[in-house]
Amino acid sequence: MSNQETPVVDVNEQITLRKQKLADKRKQGVAFPNDFRRDTVAADVIAEFGEIEKPELEEIGKKVKVAGRIMLFRNMGKASFITIQDMSGRIQSYVRKDQVGDEVYDDFKTWDIGDIVGIEGTVFKTNKGELSVKASSIQLLTKSLRPLPDKWGGLADQETRYRQRYVDLIVNEDSRATFVARSKVVKAIRDFLEARDFLEVETPMMHVIPGGATARPFETHHNALDMPLFLRVAPELYLKRLVVGGLEKVYEINRNFRNEGLSTRHNPEFTMLEFYWGYADYQDLMNLTEDMLRYTVENVLGKTVFESGGATYDFGKPFERMTVLEAIIKHQPEISLDELNDLDSARAVAKKFHVKLEDSWGLGKVQIEIFEELAEDKLIQPTFITAYPAEVSPLARRNDDNPFITDRFEFFAGGRELANGFSELNDAEDQAERFKAQVEAKDAGDDEAMHYDADYIRALEYGLPPTAGEGIGIDRLVMLLTDSPSIRDVLLFPHMRPE
RNA sequence: GGGUUGCUAGCUCAGUCGGUAGAGCAUCUGACUUUUAAUCAGGUGGUCACAGGUUCGAUUCCUGUGCAACCCA
């Protein structure tokens with residue numbers, strides 16, 4: 001016996017009553033009519049008529065058809081005011097018995113907050129000056145069987161807001177605004193990249209060999225082929241194959257999946273922009289990123305200065321740029337550059353600041369651990385961090401002057417990593433060696449290390465032009481722009497443990 | 001993984017130093033033809049997250065479990 005055969009029934013008095021009302025409506029005919037067509041929405045009515053004076057409105061006598069969910073219901077006997085809400089906002093309607101008829105009005109009085117109605121009527125202003133629709137007819141389109149949260153207190157319980165996002169969206173305007181902003185962020189990025197001749201592509205979500213990032217993948221199984229498949233941790237290696245193929249400027253905005261813990265910054269599936277730009281390097285990328293983020297902030301918020309997480313940001317100003325080691329020293333002046341450039345003394349620094357290390361780690365990894373512990377969350381203002389060690393950058397091109405580091409940067413704002421970009425490693429032989437090193441690390445027990453991807457090496461052997469590539473975490477960017485403390489606030493349906 | 005806190009009516013929250021609970025909104029009945037969280041009068045509604053323990057008696061104290069939030073690693 002499965003659970004699904006015995007669903008939990010959470011019925012209360014209010015639901016029972018509403019179900020009875022629906023049953024009555026079924027007996028009368030079509031209980032879920034779909035013959036009402038609105039000709040406008042609340043915000044458009046307000047935009048068009050909101051500034052017009054009452055007497056002038058009476059003269060115009062504009063007829064409209066609006067539809068939406070009843071959010072407020074004020075019954076005063078033979079007349080009522082209801083406030084309905086549609087995708088654009090709210091508008092009030094005045095419903096009179098002598099206008100809609102006795103039969104309809106008596107039925108209307110039994111309708112509930114949450115019901116979805118269609119109204120035909122005339123735009124007018126009340127004595128108090130509120131723009132409203134005087135109903136000439138009103139129709140119940142969908143009976144709502146569950147009571148909505150308190151009209152004033154709203155829905156505050158975080159868990160319910162995440163699990164029942166539909167309710168959250170009905171009653172919390174902030175939540176709606178967040179997801180509108182999210183859509184605008186993605187649109188702004190698309191517009192920005194399309195204007196620069198980047199081609200949007202889609203690459204596999206299911207990988208035979210997971211690659212493109214050091215992360216633990218989700219594993220699944222293909223029945224017909226009887227083989228394991230992995231949900232992608234990054235699209236990187238496929239996008240670079242496309243650059244090999246001559247699609248020299250490509251991007252993809254899509255989901256990645258990482259089999260890791262949940263937190264206010266991590267969801268198992270999250271959205272990344274990745275883009276690759278032939279005949280460019282990481283310096284070009286930083287400049288493009290700065291322009292793109294400035295453009296996005298301005299388009300989404302209508303300004304470049306904004307508040308988020310208690311800090312004030314100005315994306316109109318040039319972003320800071322510093323190296324990994326400079327960032328450490330800036331935020332922990334006790335540490336000297338020399339200390340960080342020697343493995344033994346760097347390990348001593350780590351110990352002093354309680355940074356946990358593994359014996360197998362080299363200088364580069366030790367430096368990065370120190371950076372993440374001491375500097376990362378202090379990078380509030382938009383900052384590019386450069387000169388990442390090759391040891392922690394298996395796909396990035398080595399710096400010509402200093403082979404210890406790569407031509408790579410990460411972008412930080414609000415103490416969080418938002419982007420990671422670098423000049424791509426296009427030396428097939430070097431790449432093959434680095435894959436081998438990753439495989440050794442994997443054999444030694446690092447299950448985040450990468451697999452050897454022979455086809456990717458083959459692609460590189462055909463020749464990847466000098467290319468720069470970058471990933472930007474869309475969720476974290478939206479968090480910053482919407483002042484959302486948790487990634488769950490910017491995901492419509494965040495991952496939750498089953499109820 | 002560790003710690004802290006929370007879980008009480010449909011929603012937002014009180015409360016019970018251990019004697020099976022209360023407010024506002026919602027809902028129900030009635031009044032009301034320009035209201036604004038409409039108002040006025042009167043009602044209904046609870047396995048106090050779940051399971052054990054202590055106790056004459058547990059929603060309250062203790063232990064565990066689940067889910068969530070926050071902090072730490």
Side-chain angles (χ1 to χ4, degrees), chain A residues 3 8-21 46 54-55 57-58 69-85 90-102 105-106 108-115 121-136 143-168 170-173 260-267 309 350 353-358 369 372-373 376-377 415 484-489 494-499:
Chain A
N3 290 338
V8 179
V9 184
D10 57 336
V11 178
N12 63 28
E13 187 191 13
Q14 292 188 46
I15 292 175
T16 305
L17 260 159
R18 286 172 179 232
K19 286 194 169 184
Q20 187 55 52
K21 289 176 182 174
I46 291 164
K54 182 173 165 72
L57 272 177
E58 309 258 322
R69 190 184 295 276
I70 300 174
M71 301 304 290
L72 296 170
F73 201 132
R74 294 183 288 280
N75 182 317
M76 296 173 305
K78 297 187 179 65
S80 300
F81 285 96
I82 60 173
T83 300
I84 65 166
Q85 175 172 290
R90 292 182 174 196
I91 191 159
Q92 177 173 266
S93 180
Y94 181 44
V95 185
R96 289 170 59 132
K97 192 166 187 169
D98 61 10
Q99 295 277 316
V100 300
D102 290 2
Y105 192 80
D106 289 343
F108 161 77
K109 281 205 292 185
T110 71
W111 300 352
D112 295 294
I113 289 175
D115 287 355
T122 310
V123 179
F124 80 113
K125 270 190 180 168
T126 65
N127 291 342
K128 297 280 171 61
E130 177 158 351
L131 194 73
S132 308
V133 175
K134 190 181 289 177
S136 54
K143 183 68 198 167
S144 171
L145 299 177
R146 288 176 179 270
L148 287 176
D150 188 291
K151 64 187 173 190
W152 200 239
L155 182 65
D157 183 65
Q158 282 289 26
E159 185 174 352
T160 310
R161 293 185 60 188
Y162 295 149
R163 288 193 195 277
Q164 300 182 42
R165 185 66 87 185
Y166 35 91
V167 180
D168 180 41
I170 290 169
V171 299
N172 287 324
E173 196 177 342
E260 292 159 0
L262 285 75
S263 79
T264 50
R265 293 180 301 284
H266 298 88
N267 195 68
F353 289 96
H354 312 293
V355 179
K356 289 193 178 139
L357 302 177
E358 308 233 344
E369 290 293 317
E372 288 180 358
E373 183 68 26
E376 194 169 299
D377 63 356
S484 300
S486 170
I487 193 171
R488 289 178 162 185
D489 297 326
H495 186 78
M496 305 285 281
R497 287 191 173 85
E499 286 180 74

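- If you check every strand for non-hydrogen atoms under 4.0 Å, A/L148 touches nothing.
- The two residues A/I170 and A/Q85 come nearest to each other via the heavy atoms O-NE2, 2.8 Å.
- A/F81 has its CZ atom 12 Å from the P atom of B/A38, to the nearest Å.
- Checking A/L155 against A/P485, the closest nucleotide of RNA chain B that is more toward the 5' end is the one next to A/L155.
- Contact check for A/V167 versus A/R146: no side-chain heavy atoms found under the 4.5 Å cut-off.
- For A/K143 and A/D112, the salt-bridge test passes: some basic side-chain N is under 4.0 Å from an acidic carboxylate O.
- In this structure, A/Q85 places its CD atom 16 Å from C1' of B/U36, rounding to the nearest Å.
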If a pair means Watson-Crick or G-U wobble with both distances below 3.5 Å, what does RNA chain B look like in dot-bracket form, with | marking bases paired to a different strand? (((((((..((((.....[..)))).(((((.......))))).....(((((..]....)))))))))))).
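- Proximity of A/N12 to the phosphate of B/G10: a side-chain N or O atom is located under 4.0 Å from OP1 or OP2.
- For A/E260, the CD atom is densely surrounded, since the number of other residues' heavy atoms within 6.0 Å is greater than 12.
- Rounded to whole Å, the P atom of B/U60 lies 15 Å from the corresponding atom of B/U47.
- A/Y162 pairs in a side chain to side chain contact (heavy atoms under 4.5 Å, CB included) with only one of the listed residues (A/D168, A/D157, A/D489), which is A/D489.
- For B/U33, the OP1/OP2 oxygens have no side-chain nitrogen or oxygen of A/K109 closer than 4.0 Å.
- Among the atoms of the strands shown, only primed sugar atoms or phosphate atoms (P, OP1, OP2) are found under 4.0 Å from some heavy atom of A/K356.
- With both ends at atom P, the span from B/G19 to B/C48 equals 15 Å, rounded to whole Å.
- Residue A/R163 places at least one side-chain N or O under 4.0 Å from the OP1 or OP2 atom of B/A68.
- Taking a 6.0 Å sphere around NZ of A/K19, one finds it holds 12 or fewer heavy atoms contributed by other residues, nucleotides or ligands.
- At the heavy-atom level, A/D157 lies under 4.0 Å from the strands shown only through sugar-phosphate atoms.
- You'll find that the side chain of A/Y94 is closest to B/U33, out of B/U33, B/C28, B/U35.
- Protein atom NE2 of A/H354 is 15 Å distant from nucleotide atom P of B/C72, rounded to whole Å.
- B/G24 and B/G42 have their P atoms separated by 11 Å, given to the nearest Å.
- Of the candidate nucleotides B/U33, B/A26, B/C28, B/C28 has the atom nearest to the side chain of A/L17.
- Here A/R96 lies in heavy-atom contact (under 4.0 Å) with a base.
- The separation between A/K19 atom NZ and B/U27 atom P is 18 Å, rounded to whole Å.
- Between the side chain of A/Q14 and the base of B/A26, a donor-acceptor pair under 3.5 Å is found.
- Ring-plane geometry between A/F108 and A/W111 is classed as perpendicular, the angle between the planes exceeding 60 degrees on a 0 to 90 degree scale with a lower cut at 30.
- If A/T83 and A/T160 are placed on RNA chain B by their nearest nucleotide, the residue sitting closer to the 5' end is A/T160.
- Between the side chain of A/S80 and the backbone N or O of A/V95, no donor-acceptor pair lies under 3.5 Å.
- Here B/C7 presents its C1' atom at 16 Å from CZ of A/R497, a figure rounded to the nearest Å.
- In this structure, A/T264 reaches the sugar-phosphate backbone alone: every heavy-atom distance under 4.0 Å involves primed, P, OP1 or OP2 atoms, never a base.
- If you take atom P in B/G52 and the same atom in B/G57, they sit 15 Å apart, rounded to whole Å.
- Counting only heavy atoms from C-beta on, A/N127 has its side chain closest to B/U34 among B/U27, B/A69, B/U34.
- Remark: A/R74 is in phosphate contact with B/A38, judged by side-chain N or O atoms under 4.0 Å from OP1 or OP2.
- Side-chain proximity of A/P149 to B/C11, B/C67, B/U12: nearest is B/C11.
- Among the protein residues, A/R488 comes within range of the sugar-phosphate backbone only, with heavy atoms under 4.0 Å from sugar or phosphate atoms but none that close to a base.
- At a cut-off of 3.5 angstrom, the base of B/G10 holds no donor-acceptor pair with the side chain of A/D150.
- Residue A/K151 has a polar side-chain atom (N or O) positioned under 4.0 Å from OP1 or OP2 of B/A26.
- Base contact: A/F124 has a heavy atom under 4.0 Å from a base atom.
- Spacing of P atoms, B/G30 relative to B/G22, comes out at 27 Å, to the nearest Å.
- Atom C1' of B/U39 sits at a distance of 9 Å from the matching atom of B/C32, rounded to the whole Å.
- Evaluation of atom-type donor-acceptor distances gives no pair under 3.5 Å for the side chain of A/E13 against the base of B/U27.
- For A/L148 against A/G114, the heavy-atom pair with the smallest separation is CD1-CA, 3.8 Å.
- Using a 4.0 Å heavy-atom criterion, one finds that A/G154 contacts the sugar-phosphate atoms exclusively.
- Proximity of A/R146 to the phosphate of B/G10: no side-chain N or O atom is located under 4.0 Å from OP1 or OP2.
- Remark: the A/Q92 side chain and the B/U35 base include a donor-acceptor N/O pair separated by less than 3.5 Å.
- A donor-acceptor contact under 3.5 Å is formed by the side chain of A/T126 with the base of B/U36.
- To the nearest whole angstrom, the two C1' atoms, one in B/U33 and one in B/A49, are 48 Å apart.
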